[in-house]
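Every value quoted in this text rests on a predicted model; they were computed, and no experiment measured them. Reckoned from all heavy atoms, side chains included, excluding hydrogens, waters and symmetry mates.
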There are 2 protein chains.
Amino acid sequence: MLSLVHLKVLAAVARHGSVTEAAKQLHYSQPSVSHHLARLEAATGVKLVQRIGRGIRLTSEGQLLARRASEIVGRVDAATTELAAQVGLQSGRVRVAANASTAATIVPRAAAALAREHPGLELSLFERHPVDALAMLRHGEAEVAVVFRHARGGGVPLRPPR
Amino acid sequence: MLSLVHLKVLAAVARHGSVTEAAKQLHYSQPSVSHHLARLEAATGVKLVQRIGRGIRLTSEGQLLARRASEIVGRVDAATTELAAQVGLQSGRVRVAANASTAATIVPRAAAALAREHPGLELSLFERHPVDALAMLRHGEAEVAVVFRHARGGGVPLRPPR
DNA sequence: GTGGTTTACGAACGGCGTAATAATT
DNA sequence: AATTATTACGCCGTTCGTAAACCAC
């Protein structure tokens, strides 16, 4: 089984076209990156890079694998983020600042849905004038603000809880 | 960065609902799988499994991550396969057995395209009666057979070179 | 006691950096 | 001489298996 680190390194080398640059971006030493490439070649049994002049170039197979590697690494990062978000939704505080009309209409419906989906959340609703609602959001006194700015088209700034 | 092995183990545990079964399917020892789960929990900081009676159960976060893990591991496997196929197309031998009518019409066009895309391939064409063409395929004397079985709807058995 | 999971321990491997070497401009 | 990549080496963490302990039916 390939290693994610190997794939990440290959993707970085593909992006920057150089072992040195990839190492810098990954905060690795130059030899580490070189070694990773060698190991990845050994693991796959495929030549992935070519020395060309005093730099290197990916072979066509290297380019193919690098594209897949970017995709895969992206998914891993996304899964990590998603998991963290899921945990954040299990418990925590969500303070909603809304103006009168939204606080009476769409906010209760959204609040009910949120409470149903994530019963562990502590949910508070504050009815404020739009300007004050946004101020609460800005000052960290609320996680969510719901206001109408215009008659048509609304603004719904959203920050995840913690 | 999460480890692919960890993700693979989590996916296997999710599939089989048991550390023991997952270990069997992965050809690991039982303690290894247990240890992997513990490490994955440590790495993510999230409780992923619960002891329940004398078995275990994934938490909701565990189930979420397991779904993503399956997806990711699948992509890694696909990339590996794809890379191997790409290498196979760089060099090797493709022997095509075709009956007279296809050998004169669609096969040359396909052969030209293949030769253009993958110049390293050694390409041979054999014109045979349909039955003999399929026999060559079956006996490993050809990698590809192209025959018409009926007046409408053709059969194009394909095996990748090596 | 049986089936299942976890903890403990030791061996082998992998991954990292620093230092030294090679190759190209 | 300067820049880039590789090889050599030592350290530490990870991963594996076996053996022992733990827990629930």
Any donor-acceptor pair under 3.5 Å from A:R95 side chain to A:G140 backbone: yes
Round to the nearest Å and state the distance from A:L10 atom CG to D:dA5 atom P. 14 Å
Treating A:E41 as the side-chain partner and A:V49 as the backbone partner, does any N or O pair qualify as donor plus acceptor under 3.5 Å? yes
Between A:H6 and B:L37, which has a closest nucleotide on DNA chain C that is more 5'? B:L37
Mind checking ring pair (Phe, Tyr, Trp, His ring centres under 6.0 Å) for A:H6 and listing every partner two or more places apart, or none if nothing turns up? A:H36
Checking the side chain of B:T102 only, and the main-chain atoms of B:A98 only, is there a donor and an acceptor separated by less than 3.5 Å? no
Determine whether A:L48 and A:L65 make a side-chain contact, defined as any pair of heavy atoms from C-beta on separated by less than 4.5 Å. yes
Taking atom P of D:dT3 as reference, at what distance in whole Å does atom CD of A:E21 sit? 13 Å
Would you mind reading off the distance between A:L40 atom CG and D:dA5 atom P, rounded to a whole angstrom? 17 Å
Could you state the atom-to-atom distance from NZ of A:K24 to P of D:dT3 in whole Å? 10 Å
According to a strict under-4.0 Å criterion, is A:S18 in side-chain N/O contact with OP1 or OP2 of D:dT4? no
Reading 5' to 3' through nucleotides 17-25 of chain D, protein heavy-atom contacts under 4.0 Å coded B for base, S for sugar-phosphate only, - for none: BBB----BB
Check this one for me: any side-chain N or O of A:S34 less than 4.0 Å away from OP1 or OP2 of D:dT6? yes
Without decimals, in angstroms, what is the distance between A:R39 CZ and D:dT14 C1'? 13 Å
Between A:H35 and A:P31, is there a donor-acceptor pair closer than 3.5 Å when you use the side chain of the first and the backbone of the second? no
Report the distance from atom NE2 of A:H16 to atom P of D:dT4, rounded to the nearest whole Å. 14 Å
